[in-house]
Each structure stands twice: as C-alpha cells, then as structure tokens.
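What follows is a set of notes on a single structure, which appears directly below.
Since we're looking at a predicted model, the values are computed, not measured.
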Amino acid sequence: MYDKSLEKEYYKICEERGYFEIDGNKKIQKKDKNFCIMMPPPNVTGVLHIGHALTCTLQDITTRYKRMDGYKTLYQPGLDHAGIATQNVVEKQLLAQGITKEELGREEFIKKVWEWKEQSGGTIVKQMRILGITPAWSRLRFTMDEGLVNAVKKAFVDLYNKKLIVRGNYMVNWCTHDGALSDIEVEHKENKGKLYHLRYFLENSNSYIVVATTRPETYFGDSAIMVNPNDQRYKNLIGQYAILPLINKKIKIIADEHVDMEFGTGAVKVTPAHDVNDYEVGLRHNLEFITIFDEKGILNEHCLNFKGKERLKARDEIVKTLEEKGFVEKIEDYTNQVGYCYRCKNIVEPYISKQWFVKNEIAKESIEKVNLGGSKFYPSHWINSFNAWMRELKDWCISRQLWWGHQIPVYYCQCSHEWASEETPTSCPKCQSSNFKQDQDVLDTWFSSGLWAMSTLGWGNKEWGKNTLWNESDLKDFYPNSLLITGFDILFFWVARMMFQSTNALNELPFKDIYLHALVKDEQGRKMSKSLGNVIDPVESVEEYSADILRFTLALLAIQGRDIKLSNDKLLQVRNFTNKLYNASKFLLLNEEKFEDLNPNQIQSTLAKYILSRFNLCVKEVRENLDNYRFNDAANTLYRFLWDEFCDWGIELSKAEKSSIKELGSIFKEALKLLNPFMPFISEYLYHELSKTSIHTHESIMISKYPEFTSQDKQIEDLFNIIIESIVSVRRAKTLVDLANTKIQKAYIKLNDFSLSEQLKNYTNFITTLAKCEQIELVDKNIEKSIRDVSEKLEVFIPTQDLDLSGILNRLNNQKTKLEKEFNKLDAMMKNENFIKNAPTQVVEQNKNQLDTIKSQLDKICEEISNLQG
C-alpha cells in the first residue's frame, strides 16, 4: 500500500535531479513562455504555521501546473532578515549569558546574529519542504545577501537623489524597546484602563477647569488647555491662563474645533510632543513642544522629582501625588484602543524624533498603473482597499534604531556635508576629508522586502556574471512577476510597498496578477489561537495524514474571498479520497499487469470512450479554474471526476465490459498527471505502479506534459447518462420491496424519449450487471401489477407476480395497524367537545397537525400495499 513516508524520498529525488529549477522541465518548455512567482520571504526567526502552509500550497499548485504546461518557471524562495524580531532573539540569548549587546559592540553583535542565522535561522525553510513545495532552492535568497544589499543601497540612493527620501523631525510611533515603527507595525487592542479627571486651577483664582486624560503622566508636557469654540460652558475662559499642577507653570486656554465636546468634560490638555492629534494642534497654534521622556521612556527634568522613572511605572505614583495635593477630581474606569509594538508588545508612544521618511508621492505612478489595468486583483474587490489605502498614504518612516539590518547609506562629514552613496566612500566629496561617519540607523525590514520582486532577479547589481545566483536574462524573463499569492493581511505591509518601490525603479508594476487569500480558521470560523486550543499545526498534520492530504484539503477549501474553515473531518474526508484512488489502482492491476500511456485515438471500448469524454471535460474545467485561481473549483472538479465518475461509475461499469479496463487504466494514469500539482506524491506513486516503472529509474510525472482538452463526445455521454439513470432507478425500485441486494428476474424501462430505446438496447448489459437483474425490457407503456420508480428521463417497473412479497407486506400491514391506532386515538380526542373547549389553542393545533401527518402516512402505506397486492 502507498506509504506516506515515500514523500520525503520522492521529494529528495526530484530536487536532486534539478526538477525545481528554471530548466527542470527543459524537454517540454515552450518558446517565450515564462512564469515567475515570488515566495513571500518568511522571517528567519519563524516557524511554519497553517497560514504559511496555505500560501505555499497555492503557490506550488500553480507553479507545478505551469511547469507541466511547458513554461520556463521560477518559483523564487527566500528569507527575510526580520530586523526587530531577529535582534530580539539574539539579545535575549546574550542576556541569558549576562551579556548586553552594548558590551559586545555593534560589529561583534552582528557577527553573533550571523552565527545564529547560520545555525538556527531558516527552520521554516526546512519545514516548508515537508509540504512538497518546489521552489528553485538553489536560488534561495536572504535579504541580507550581498546582492540584495547592493539593491537596497541603489534603491535608497535613487530615492534620496530624487528627494523622495527625506530626513526630519516628525512625530512617529515609538517603541521604547525597538524604536521607530510605521503605522502598520502598530497593533491596536482594546484596553480596560482609567480616565483621570484632573483640576487645572485658573491663574490668580480658586476656580479650576477639569480636563480628562488617559495618560496623566504626560501632563508635564502640556502647552495649553483646549476647548471647542462652540462650547458655551467655556467661552468666557478662552484666552485666560491655567496653572499646571505641581509645576506652577501657566498655560493658555485655547479654542479649536478639533475638541469633542462630548468627551470627558469637554476640556482637554494639549501635549504636542506626545500625542498625534496634539502635534497638529501645536503646529496650528504655535505651541511649545516639550519632550518629557527619552527614547527608553525614562522621565526627564521636566517631571520634577519623578525624573529617572519609567513613564508607565511612574503613572500611579504621579496620580497619588496629584490626589494628595487636591488636583484629582475623579478617576473612572474607561475602555479605549491602545497601540502596541507588533513585535515586543510594548505600549507604543507618539514621539517626536529625527527619522528618515519615504514621501507619499512615490505611490502616485503605481496607483495610476494599477487602475489602468496593469495589475489584476483576485478577488477583484481588493483593488478598492488598495486604492483607499494608497491614496491616503502617509510618509513612511523607514529608519529603525537597530543594529541588525541594512545600515542607511548616508554619510555625514564634519564640514556639514551630507550625501548618500552605494559604495563605501573613502573621503567627503565636498571637502575630501576622511573625518566622516555613516548614519547609525538601519532601514525598516519592509524597505528591503519591498524590492523582492526585482532584487531577487539581480536588479541593483552592476556585474551580472559575478554572482551565479542570477544571470542577465532574469529580469527580462521574469519581470514583471506573473503572479503573487499571499495573505490579504500583508497587502499594505508588503504588497503595496513592492508596487510603488518596483514601479519607481523600473517604471513597470511588479505583478500581472495578485491573489490574496483569506485566513485559515477552525471549523467554527474562529481564529486559531493557543488559548482556544484550536491551532492546527501543519507539520503535525503532515505527520498524521500526509502532505498530499493537507495540500488537497487546503485547496478544496480555498474559495476566493472566504475564510478557510479547516477541521480534522475535512482532512479525514480527503484521506478517504486517497484510499479511493489507491483502491482504484489496485482494482485495475488485479485485471491487467500494466497500463500504457493514454492515446485517445486508440480508445475502442464504449465505456472508455465515455470516461475519456468526461475526463476531457474535467481537464477543461481544471485548467480554466487554475487559470483564474479558483483553486477550490479545480480541486472539486478533480474530486468529482476521480471519485464519482471514474471510481464509482467507471470501475463499476467495467464489470460489464471487461475489455474496457486496459483503456480505463491509461485514462486513470493521465488523470494522475492532472492531479499531480495538488497531490504530487500519491499521483507519482500510483502512476509508476500502473506503468510498472519506478521513479528511481524513470522521470517524474512532475515534468511531463499537463493534460490538454481535446474533445467531448456528447452522444456517448447522453447514452451513459441514460444507462446510469436506469441503474439507479432499478436499484431504487428494488429497495422499495426489500430486494436491494437480491438478483431479480426482470425489469421494464420506459424512456421519456422512446426513440433512444433502439440505441439503449445494445447496452443493457451495463444495467443488468450493476442493477442485479436477469433481463431488461424496453417498453413504451406502463406495466400493471408492478413496483414503479420515476426519474428525470425514464420510469422503471418491476413486476410483482413472481416476487415473494410476504415479508414486506407483513411489515407494511404492521405499520398500518400501528398508525391506525394512533390515528383513532387522536381522532377521538379531536372529536371530544370538552377537550377542544378546555385544551390550550396551541395543543389543539399540534394535535390537528399530527392527525394530518398520520393520515398522509396511512394513505401512502395503503397505496404501497395496494400496488404490491395488485
């Protein structure tokens, strides 16, 4: 029997033969047919989860299909250096040894990161192999490889010289552990906190104004109090001054329509250096920007005796002091949204910092090209999300306060000259001094992965032949990429960045098609999480079932635009499918020693012609669905043909036409090629079993030609539709008289279109064999004293005079007696005037409905008894 342990062996053989590489299918390659798909580079720190498994499975199905269809195919693998995550991993390892990165120094720390990457990094790539995916592993890229480093430098310098990259003091999302973050690197979660109502006394007065805040520790940086100019409560205070608690510094009360009069007291504190909205207010009103803590969140000299304390840890102490001094009006429970660092989960602060930004104008050209049809989204509605986000794009903060990553290629000279350079300079181009230094920050990880569609093809490298990982024709052959498949959740993290970075560099969008799949959830539609205990580990699933089963299950469920509800029941269903395929192969081999490859012109038997016609339709539909990325429809088409049409009917019908088996086996072999992109291992195994060959001595079917549609024979399909309907109808009629598994003497068939009778009478052997009936007679009228079954195109009659019906008549009469007792009891109750008068209306109605149901059942049984008795 097929052993899933063969998957590793088959995979190794195919990889070693170079089948996954761009020329792995050279014998069947068609001229000028190229296909390229990029693997979204997973983090070097990552492990395989079910989302990765879905992405890789859909990518590999498409790649295998294109490879077998004669395309020169590049499935580009890679890994992302994951700046924040990787630095955190190595920092923790060092701290466990009592060493800080500062003690090591930047150069030594980076060496440690590279050591970790070589030893432990890339676990996910090893795990991906168990899925049977076939990227060109020899071309595996890492975003810190030399060639990609060159591409990053070129991209940065080009944008810098175009003034699309600028440096300045902006308010950014700041993690006190990881530094600056872009907007999409901040995760907002519901927070159950407090709303603090603080008293700000008016200048030279015992009166005070109350402001509400969720961050009382920031009041040290207040520059004003703000009210809505339309708020009647505070109109008389506008222009006056209030005194900051404890500090005794006066700040002005200003008016701005930005204030929500319904929030808190309608009066708010303005902290321009520590709040995104207040930042804009500060600019509008020319307020003072007071920074009250440093990059690590440590309070500074503006915070009085709280200086040196961490800002969140100091909150309770600050509030306690304010309470003791009478500056707290009240404290309420309050639920709000708080931003967290997507990596370390630290609370993110708005913070003014000098950073590098990509200007939002960079997106203009890619937006225009997408909307002119340059790239097509699947499902199509994602273009609306793309447009909405891109048109509201903010300047992108690309500098990160890390050591691990692409160091920003900008240099600062003592003469105040600043310049960007792809090459490491030896002197300042302005004053020729060697006394200059490089910017200490590194680039956001998404900057380098945003070049992935072209940097992996050698873009940005001046000497092509120097690096054997690419050649000069790669960009020509594979850019733009044919297709991108990834989760919708990184549309803005990654896809959009590739769109505008690649378009800016090459004046052409990076992808022709973009397929965004939904999330994989559990069978109840819930997100998978450890706390719910509903996580499905793809590695464990492969070990328990097989790579083929997991792949096909994911494909079956991958409906465009819908979440994928994965369950063990679905995996078991597909395991049954693989058993069905194995048993079909076993049956074929019991009847023939081996099977030749399919030659449609040599098919002679009627049944094989019918199955070939159905197979051709299957080929047509699978191809159409794969071309339009309807993976679930393609998988369902394969499932229906192989299980329902070939195994359930083709094999069963062959029992009446033994001569067809040899030809059916050749069709089945061709169907295994059609299945191969979805289930590469069992299809390979069964193909060689049927051929009496071995993958060890013969080529894999993964580089054979993918089946192509030739023609359908509608006439023979119509004939077999009648044959199959006749079999089903006779079986159903036999069931009515408890003769489902008993051979009967005779059945009559009356076709709605009697003109087909002449054709059908030559093929009644299929009906007699599968319906277990000695004789079939075609008639043009009803048969008296018979059991009758009516279907769409025909009626079946089984005469009753020669049947022993005593058993079924006894059963029906017993049912009739029981129902009559129930009927009489209920009928008497319903004729009882006192019952009708006193019983609740609902009970009376229920009894009436039950009486009608029993009457209907009695009528049906009486009719059956009458038919059987003649």
- Task: Report the relative orientation of the aromatic rings in F552 and F577; use parallel for angles under 30°, tilted for 30 to 60°, perpendicular for over 60°.
- Result: parallel
- Whether Y629 and Y378 hold their rings parallel, tilted or perpendicular, with breakpoints at 30° and 60°: perpendicular
- Is it true that atom CG of N762 has more than 12 heavy atoms of other residues, nucleotides or ligands lying nearer than 6.0 Å? yes
- Task: Decide if atom NZ of K705 counts as having more than 12 heavy atoms of other residues, nucleotides or ligands within a radius under 6.0 Å.
- Result: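 No, because the 6.0 Å sphere around NZ of K705 holds 12 heavy atoms or fewer from other groups.
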Side chains of [X] and [Y], donor plus acceptor under 3.5 Å:
X	Y	result
S704	E699	no
S613	D713	no
N34	Y479	no
E663	S605	yes

Quick one: does [X]'s side chain have a donor or acceptor within less than 3.5 Å of a partner on [Y]'s backbone?
X	Y	result
N628	E624	yes
N676	S683	no
Q127	V47	no
R575	S546	no

[X]/[Y] ion pair, N-O < 4.0 Å:
X	Y	value
D648	K580	yes
K673	E670	yes
R526	D522	yes
D60	R64	yes

Quick check: [Y] with [X] (ring centres under 6.0 Å apart)?
X	Y	answer
F20	Y75	no
F766	F720	yes
F595	F668	no

- Query: Under the 6.0 Å and 45° cation-pi test, does R614 pair with W649?
  - Reply: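 No cation-pi geometry.
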- Can you measure from NZ (K512) to NZ (K376) and round to the nearest 0.5 angstrom? 14.0 Å
- Query: Which value, rounded to the nearest 0.5 Å, describes the distance between I776 atom CD1 and I723 atom CD1?
  - Reply: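 Atom-to-atom, I776:CD1 and I723:CD1 are 11.5 Å apart.
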- Minimum heavy-atom distance W494-S449, with the two atoms named: NE1-O, 2.8 Å
- Under the criterion ring pair (Phe, Tyr, Trp, His ring centres under 6.0 Å), which of F631, W382, F377 is the partner of Y515? F631
